[in-house]
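One structure is given below, encoded as structure tokens.
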Amino acid sequence: MDLFDFLHPDVLDRTFLGASVGQWLTALTYWIGLAAGFIVLHRLVAWRFRAFAERTRNRFDNLAAALLRDTRAYFFIGLAFFLAVRLAGMEDAEGRADGVDVAGRIAFVLLLLQVVRWGNTLITHELRAYRERKIEEDPAAVTTMQAVSFLGRIGLWAVVLLLALDNFGIDVTALIAGLGVGGIAVALAVQNILGDLFASLSIVMDKPFVVGDFLVMGDHMGTVERIGLKTTRVRSLSGEQIIISNSDLLSSRIRNYKRMFERRVVFEIGVVYQTPAAQLEAIPGMIRAAVEAQEQTRFDRAHFKGFGASALTFETVYYVLAPDYALYMDIQQAINLDLFRRFEAEGIGFAYPTQTLHVESPVRAQVVQVEAGDNGARA
């Protein structure tokens with residue numbers, strides 16, 4: 001109270017919200033001074049530490065810099081209030097529940113909100129670091145960690161909420177029991193959302209696909225970018241993002257090309273009917289030589305398949321020993337060019353759709369009809 005000796009003692013001794021006016025003025029002075037000092041000190045330390053963390057490769061100082069960056073002013077305001085109350089001697093004031101306790105509880109909630117921010121920052125930082133380490137060698141683990149991180153955030157918020165309610169004198173036990181009964185009605189109202197949620201957990205546990213896999217789902221195809229609680233986001237080949245609910249995704253037929261170890265390729269070529277038999281017998285060997293000339297291939301077979309409408313058809317089967325689509329296209333292009341050169345050197349012509357039209361002379365047709373009539377009369 002020494003700070004306000006210039007005021008009349010009757011004014012200072014008056015009670016307001018469970019404490020004297022003098023105590024309130026003293027606490028307010030300490031509160032403003034401490035809060036301003038904490039905020040200025042935080043800005044200075046956060047700026048200097050961020051500059052230090054950018055010059056090092058240690059991820060722990062990056063984490064500390066992120067925690068400092070996400071420390072908000074309301075945290076220092078709440079902390080300053082706790083200290084100011086004690087410095088002003090208000091924690092022992094009688095009847096303080098009407099004023100000091102309520103303000104203290106509000107300050108405690110602000111501290112809990114800051115704890116939530118720190119927890120989210122810690123989870124996000126560790127998840128990003130884990131993703132960078134594991135995305136190439138174990139994408140499934142990354143997907144699992146994303147789900148675990150979300151559950152961790154939910155758990156953090158739940159604990160903070162219960163602490164905040166308990167801080168205001170609410171019976172948490174009775175509240176939890178009431179929420180259990182009301183949760184049944186809520187579950188029925190949001191069953192579609194819960195279906196997607198459980199589908200997300202199924203994806204995380206069963207791992208039919210993970211982030212980075214290339215999927216074909218009916219008419220859609222693309223690379224998995226993110227598996228969320230309700231939807232999965234896929235980046236299509238044409239660039240747009242496809243968003244599919246998890247329950248719909250699991251109920252459809254999915255082809256996961258990232259899990260393919262090798263690619264089976266079947267292709268056909270056709271040659272003209274005028275091709276000599278000797279050249280037809282040599283064509284399977286030419287195809288085999290063209291396939292085996294490429295690296296990362298395994299030849300299976302090449303056969304004279306059949307007689308087409310305008311071509312003699314040969315069918316070839318081989319394997320590309322890697323799942324990459326661009327590699328398969330490069331190999332197929334090289335095989336096509338090699339076959340084109342070999343056929344050109346041997347004088348073998350590729351077939352293309354043709355039709356032969358036989359036209360009879362109308363006069364000839366009339367003579368035939370007359371002769372047929374004569375023969376009928378003779379008969």
Side-chain angles (χ1 to χ4, degrees), residues 135-137 139 208-225 233-242 244 252-358:
I135 188 62
E136 295 296 334
E137 59 183 78
F209 55 85
V210 297
V211 174
D213 284 2
F214 185 86
L215 307 181
V216 174
M217 308 146 290
D219 297 334
H220 304 290
M221 64 179 66
T223 303
V224 178
E225 284 190 340
R233 293 171 174 86
V234 178
R235 183 67 60 180
S236 71
L237 292 177
S238 54
E240 74 273 13
Q241 189 180 67
I242 303 173
I244 310 173
S252 62
R253 300 295 183 268
I254 302 174
R255 290 192 289 173
N256 191 339
Y257 281 87
K258 190 67 176 294
R259 306 283 176 87
M260 182 169 55
F261 298 103
E262 59 183 16
R263 185 183 295 270
R264 184 176 184 267
V265 182
V266 180
F267 72 95
E268 294 182 356
I269 60 173
V271 298
V272 296
Y273 268 89
Q274 292 76 15
T275 306
Q279 289 183 329
L280 292 177
E281 294 175 353
I283 288 176
M286 296 180 187
I287 297 175
R288 178 168 190 161
V291 172
E292 293 180 344
Q294 307 301 318
E295 296 181 358
Q296 298 192 29
T297 60
R298 185 176 74 252
F299 178 80
D300 185 25
R301 62 180 178 82
H303 292 98
F304 179 12
K305 180 181 179 181
F307 301 89
S310 58
L312 302 175
T313 306
F314 288 81
E315 183 180 74
T316 304
V317 178
Y318 71 95
Y319 291 86
V320 178
L321 305 181
D324 185 64
Y325 185 80
L327 175 63
Y328 149 64
M329 289 303 299
D330 290 340
I331 291 175
Q332 186 62 52
Q333 174 180 258
I335 292 173
N336 291 340
L337 292 174
D338 192 356
L339 289 175
F340 195 91
R341 285 190 291 265
R342 292 174 185 269
F343 282 23
E344 186 179 39
E346 296 295 331
I348 301 174
F350 287 97
Y352 51 88
T354 58
Q355 288 184 345
T356 302
L357 182 62
H358 297 276

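Side chains included, hydrogens not; waters and symmetry mates left out as well; all remaining heavy atoms used.
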Exam field: side chain [X] to backbone [Y], donor-acceptor pair closer than 3.5 Å:
X: Arg235; Y: Gly222; answer: no
X: Asn256; Y: Pro208; answer: yes
X: Thr297; Y: Val291; answer: yes

Nearest 0.5 Å please: distance from the [atom1] atom of [X] over to the [atom2] atom of [Y].
X: His303; Y: Thr313; atom1: NE2; atom2: OG1; result: 14.5 Å
X: Arg255; Y: Leu215; atom1: CZ; atom2: CG; result: 11.0 Å
X: Gln332; Y: Leu337; atom1: CD; atom2: CG; result: 10.0 Å
X: Lys305; Y: Phe307; atom1: NZ; atom2: CZ; result: 13.5 Å
X: Tyr257; Y: Thr223; atom1: OH; atom2: OG1; result: 13.0 Å
X: Asn336; Y: Arg341; atom1: CG; atom2: CZ; result: 10.5 Å

Residue pair [X] / [Y]: nearest heavy atoms and the distance that separates them:
X: Leu327; Y: Val320; value: CD2-CG1, 4.2 Å
X: Asp324; Y: Arg263; value: C-NH2, 4.3 Å
X: Ser310; Y: Pro353; value: OG-CA, 3.4 Å
X: Ala293; Y: Asp338; value: CB-OD2, 4.4 Å
X: Val224; Y: Val210; value: CB-O, 3.6 Å
X: Met217; Y: Ile244; value: SD-CD1, 3.7 Å

Could you pull out all residues at least two apart from [X] that satisfy salt bridge (Lys or Arg N to Asp or Glu O under 4.0 Å)?
X: Glu292; answer: Arg288
X: Glu344; answer: none
X: Arg301; answer: Glu315

- Atom CD of Glu240 with >12 non-hydrogen neighbours under 6.0 angstrom: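 It does: Glu240 CD has more than 12 such atoms within range.
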
- Task: Please name all residues satisfying ring pair (Phe, Tyr, Trp, His ring centres under 6.0 Å) with Tyr325, sequence neighbours left out, ordered by chain then number.
- Result: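 Tyr325: ring pair (Phe, Tyr, Trp, His ring centres under 6.0 Å) contacts with Tyr328.
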
- Task: For Phe267, enumerate each residue passing the ring pair (Phe, Tyr, Trp, His ring centres under 6.0 Å) test, keeping only those at least two apart in sequence or located in another chain.
- Result: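 Not a single residue meets the ring pair (Phe, Tyr, Trp, His ring centres under 6.0 Å) criterion with Phe267.
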
Hey, can you pull the donor-acceptor pairs under 3.5 Å for the side chains in residues 269-283, sequence neighbours left out?
| residue | atom | partner | partner atom | Å |
| --- | --- | --- | --- | --- |
| Tyr273 | OH | Gly308 | O | 2.7 |
| Thr275 | OG1 | Val272 | O | 2.8 |
| Gln279 | NE2 | Glu346 | O | 2.7 |

- Task: Look at the rings of Phe304 and Phe314 and say which category their plane angle falls in: under 30° parallel, 30 to 60° tilted, over 60° perpendicular.
- Result: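 Parallel: the ring planes of Phe304 and Phe314 meet at under 30°.
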
- Task: State, with a plain yes or no, whether a side-chain heavy atom of Leu237 is found less than 4.5 Å away from one of Phe214.
- Result: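 Yes, at least one pair of side-chain atoms sits under 4.5 Å.
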
